[in-house]
Amino acid sequence: MKRFFWMTLLVLAFASACRTGTVSRVDSPNEDLTVIGMCQVGAESDWRVANSESMKAVFTEENGYRLLFEDARQKQENQITAIRKFIQQQVDYIVLMPISESGWDSVLQEAREAEIPVILVDRMADVEDEDLYAAHVGSDFLAEGARAAAWIEEAFPGEDPVRIIHIQGTQGSTAQLGRTAALEEAAAAHPHWELLAQLDGDFTQAKTYEVMTDYLTALPDGGDIDVVYCENDNIAFGALQALEEQGYPCGRKGVNIIAFDATRGALAECLNGKIALAVECNPLLGPLVEEVIQTMEAGRTPEKHHYVEEQLFTREDLTAALVDSREY
Ligand code: GYE
């Protein structure tokens, strides 16, 4: 009878937890593991896939971690839901790759009240109080864009018009905002640069192929295009596909495609002359994020911002061996 009573109580407790959607603390079989709740944007690009792999390779049980990985499938609301779940589960750290910069104040406040440090990775969150996150690890997107603009300046000396199509990444994301600002600033400083169009490629090949095809087919006289400034590699792949289909030769003597990320696929297109400039953006951020976490585990305060070193590639900088050995 007594046993029945306890069994009933257990079943009732379980049923009520299911009803209210209660999520209890993640119990790790090994109490010593540090629990990381990670909220990734999605899998929209080669860069993103490499970034997720880098995280998964570092935050393993062998290295002392239990990684709870959520893929938000490109939706900020999914990211917010995932963070709330991590708070209920009382994870030790939250690692967030914010899809866009705005809209984070309340949920990060909730994490702070639960005393869970948040580390921003890749993109930034534009919050009122900087203390809402412990550290940020990523790239300086404005600097990347400025490097690309300086290359355009060198590649097109003189005062002849430079006709540029600009294809943007996910609106409101730090990568889009920085790379866009750099191009717009440079265009304002060079009156002979003509921004023919600003299209939204959402960082994906499929969307870019669509918008670029629509744009090119509507051009009345198959007008001249000197540069296509693509805010990531997958945008460049979509643009290249559309341009070639519409009969535009791509390369230093035709349309100069500029791409950001410099993943293996883009470097291969750069080596074969189709992409004129590949601006590196390093997705292998796992080890740096771990350093930040280890600093906090040791009771120290990490630096607020960590930026990675990056470079530019043109065809002259590449060999087949270098492209093959590219890690991502
Ligand atoms: O360039 C792009 C991706 O935020 C740096 O997001 C990241 C960008 C990257 O999907 O490929």
Side-chain angles (χ1 to χ4, degrees), residues 38-55 71-76 78-79 95-104 119-126 133 136-148 166-183 199-209 211 228-240 257-270 275 277-286 288-289 305-313 326-328:
M38 184 170 293
C39 191
Q40 180 58 282
V41 170
E44 76 284 4
S45 65
D46 296 357
W47 188 99
R48 186 69 51 202
V49 172
N51 180 246
S52 297
E53 279 169 10
S54 168
M55 298 295 158
D71 174 337
R73 300 183 313 283
Q74 322 298 322
K75 288 209 163 54
Q76 185 173 30
N78 292 345
Q79 292 203 302
V95 172
L96 167 67
M97 292 76 167
I99 183 158
S100 56
E101 288 202 348
S102 59
W104 297 106
I119 298 144
L120 301 179
V121 172
D122 157 27
R123 303 173 182 174
M124 274 292 297
D126 182 14
Y133 60 90
H136 165 245
V137 175
S139 301
D140 183 340
F141 302 114
L142 187 67
E144 288 176 354
R147 264 176 242 135
H166 174 197
I167 315 181
Q168 298 177 293
T170 306
Q171 296 295 315
S173 67
T174 314
Q176 178 270 313
L177 294 169
R179 291 168 186 166
T180 291
L183 179 65
L199 309 175
D200 182 3
D202 202 17
F203 284 135
T204 71
Q205 178 166 353
K207 169 101 187 267
T208 303
Y209 172 74
V211 294
V228 180
Y229 182 95
C230 302
E231 289 189 359
N232 82 342
D233 285 350
N234 297 79
I235 288 181
F237 301 149
L240 176 63
I257 296 180
I258 296 179
F260 292 84
D261 288 349
T263 54
R264 196 182 310 112
L267 291 186
E269 292 294 7
C270 192
I275 287 181
L277 176 71
V279 183
E280 187 174 47
C281 179
N282 188 351
L284 307 180
L285 303 176
L288 257 177
V289 177
H305 294 277
H306 303 251
Y307 291 111
V308 276
E309 293 259 326
E310 293 165 333
Q311 53 173 319
L312 297 183
F313 297 95
R326 187 71 165 166
E327 278 182 79
Y328 53 91

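Whatever order the structure lists ligands and atoms in, that order sets their numbers, starting from 1.
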Worksheet item: Short list, please: which atoms of ligand 1 are under 4.0 Å from a heavy atom of Ala175?
Response: 4 (O)

Worksheet item: Quick one: nearest non-hydrogen protein atom to atom 11 (O) of ligand 1, plus distance?
Response: Asp261 OD2, 2.6 Å

Discussion item. Testing the 3.5 Å rule here: is there a donor-acceptor pair between the side chains of Thr174 and Glu101?
Written reply: yes

Worksheet item: Is Trp47 in polar range of ligand 1, meaning some N or O pair under 3.5 Å apart?
Response: no

Worksheet entry | Element-labelled atoms of ligand 1 that are located less than 4.0 Å from some non-hydrogen atom of Asp122 | 4 (O), 5 (C), 7 (C)

Worksheet item: Of the protein's non-hydrogen atoms, which lies at the shortest distance from atom 6 (O) of ligand 1, and what is that distance?
Response: Arg123 NH2, 2.8 Å

Fill in: Region of Phe141 that comes within reach of ligand 1 [heavy atoms, distance under 4.0 Å]
side chain

Discussion item. Using the rule given for ring pair (Phe, Tyr, Trp, His ring centres under 6.0 Å), can you reason through Phe237 versus Tyr209, listing the C-alpha separation, both sets of side-chain angles and the distance that settles it, and then say yes or no?
Written reply: CA-CA 8 Å; Phe237 301 149; Tyr209 172 74; over 10 Å; no

Worksheet item: Contact between Cys281 and ligand 1, counting heavy atoms under 4.0 Å?
Response: yes

Worksheet, complete the sentence: In Tyr229, Phe141, Phe313, the residue satisfying ring-ring contact (aromatic ring centres under 6.0 Å, His included) with Phe260 is Tyr229

Fill in: Arg147 side chain vs Glu280 backbone, donor-acceptor pair below 3.5 Å
no

Worksheet item: Between the side chain of Gln171 and the main-chain N/O of Ser100, is any donor-acceptor distance below 3.5 Å?
Response: no

Worksheet item: If hydrogens are left out, which of Thr174, Asn232, Ile235 has an atom nearest to atom 2 (C) of ligand 1, that is, the closest non-hydrogen atom?
Response: Asn232

Worksheet item: Are the charged groups of Asp46 and Arg264 less than 4.0 angstrom apart, N to O?
Response: no

Fill in: For Ser45, atoms of ligand 1 separated by under 4.0 Å from a heavy atom
2 (C), 3 (C), 10 (O), 11 (O)

Discussion item. With a 4.5 Å cut-off on side-chain heavy atoms, are Thr170 and Ile99 touching?
Written reply: yes

Worksheet entry | Met124 near ligand 1 by a heavy-atom separation under 4.0 Å | no

Practice prompt. May I ask you to decide if Cys281's main-chain N or O and Trp47's side chain share a donor-acceptor pair within less than 3.5 Å?
Written response: yes

Item to complete: Below 4.0 angstrom from a heavy atom of Glu44, which ligand 1 atoms are there? Numbered from 1 as shown, please.
Response: 3 (C), 6 (O), 10 (O)

